[in-house]
Amino acid sequence: MATSPAPERLRVLVASDQALIADSVRAALVSRGHDALVVRWPGDARVPGPARPVRRAAMMEVGLLLIDLDRWSRIRAAALVVERIAVPWVALTASPRGPAWGGVLAAGAKVVLPGTSRLDHVSDLLTAVVLRETATPVDERLELEQAWRQMRARHDDVVERLSRLKPREREGLRLMYGG
């Protein structure tokens, strides 16, 4: 499969909204011989480190995004990370394959994997992605991104409708939602 020589060292930027998970995965990647560091999650002052690490000449960089894509805020934050840090990204998520995967792919991630993926597989895939030897197949990517656009359009429509509700209607809706 590999036509390009493997990089001497691979720098993996690990991003997650859960600092302990990010640190654990960073340590596991270091044990596999990678240079790994945790990058700051949007809005999280607890995670140390620069928003954009300083490049070292001998290393190729790739990002590993660890995120459950179960809420709009998490999908938006994941997209921000992928869009703002210009490296090829691999996302690892416990969320089922579907529109949310398309949201991360639309932001620029190369591959989305299920959270059950083994570390050896993830490590090999990170190297393949940085060498441009693998990415999500075009037809699958287009299908997931289309599902994302449709889901986002429905969400935006609901948000717009809710914004037009009068205060009393909002209160009634809140009470119904609360049971």
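Along the sequence shown, residues are numbered consecutively beginning with 1. Computed from heavy atoms alone, side chains included, the values below leave out hydrogens, waters and symmetry copies.
Between the CG atom of Leu142 and the CG atom of Leu105 there is a distance of 10.0 Å, given to the nearest 0.5 Å. In this structure, the separation between CG on Asp35 and CD on Glu61 is 9.0 Å, given to the nearest 0.5 Å. To the nearest 0.5 Å, atom CG of residue Asp156 and atom CE of residue Met151 are 10.5 Å apart. If you take CH2 on Trp101 and OG on Ser95, they are separated by 9.0 Å, rounding to the nearest 0.5 Å.
The existence of a salt bridge linking Lys166 and Glu169 is excluded, since no basic side-chain nitrogen approaches an acidic carboxylate oxygen closer than 4.0 Å. In summary, Arg97 and Glu140 engage in a salt bridge, as defined by a charged side-chain N under 4.0 Å from a carboxylate O.
You'll find the side chain of Leu162 reaches within 4.5 Å of the side chain of Leu165, heavy atoms only. The shortest side-chain heavy-atom distance between Asp23 and Val14 does not fall under the 4.5 Å cut-off. Annotation: side chain of Arg174 is not in contact with side chain of Arg170 (no heavy-atom distance under 4.5 Å). No side-chain heavy atom of Val112 sits less than 4.5 Å from a side-chain heavy atom of Thr136. Contact annotation: the side chain of Asp120 approaches that of Arg32 to within less than 4.5 Å [non-hydrogen atoms, C-beta and beyond]. At least one side-chain heavy atom of Val111 sits under 4.5 Å from a side-chain heavy atom of Leu125. Using a 4.5 Å heavy-atom cutoff, the side chains of Val130 and Leu10 are in contact.
When the side chains of ILVMFWY residues are joined at heavy-atom separations under 4.5 Å, either directly or via intervening members, Val12 and Leu119 end up in a single hydrophobic cluster. Under a hydrophobic clustering in which Ile, Leu, Val, Met, Phe, Trp and Tyr are joined whenever their side-chain heavy atoms come within less than 4.5 Å, directly or via other members, Leu80 and Val38 fall into different clusters.
Across every non-hydrogen atom of Val82 and Ala107, the tightest pair is CG1-O, 3.5 Å. Shown here for His34 and Ser123, the closest heavy-atom pair between the two residues is NE2-OG, 2.7 Å. Nearest heavy-atom pair across Ser117 and Leu113 is OG-CB, 3.6 Å. Nearest heavy-atom pair across Lys110 and Arg141 is O-NH1, 3.7 Å. Closest approach of Ala15 and Val81 over heavy atoms only: CB-CG1, 3.9 Å. Of all non-hydrogen atoms in Pro114 and Leu92, the two that sit nearest each other are O-CD1, 3.1 Å.
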Could you go through residues 62-79 and list every donor-acceptor pair under 3.5 Å that involves a side-chain atom there, pairing it with any protein atom two or more places apart or in another chain?
from	atom 1	to	atom 2	distance (Å)
Asp68	OD1	Ala94	N	3.3
Asp70	OD1	Arg74	NH1	2.9
Asp70	OD2	Arg74	NH1	3.2
Trp72	NE1	His155	NE2	3.4
Arg74	NE	Asp17	OD2	3.0

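Counting side-chain heavy-atom gaps under 4.5 Å among Ile, Leu, Val, Met, Phe, Trp and Tyr, Leu175 is found in no cluster with other residues.
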Does the pair Gln146 and Glu143 meet the rule for a side chain to side chain contact (heavy atoms under 4.5 Å, CB included), with working shown?
CA-CA 5 Å; Gln146 178 64 25; Glu143 172 194 331; 6.0 Å; no
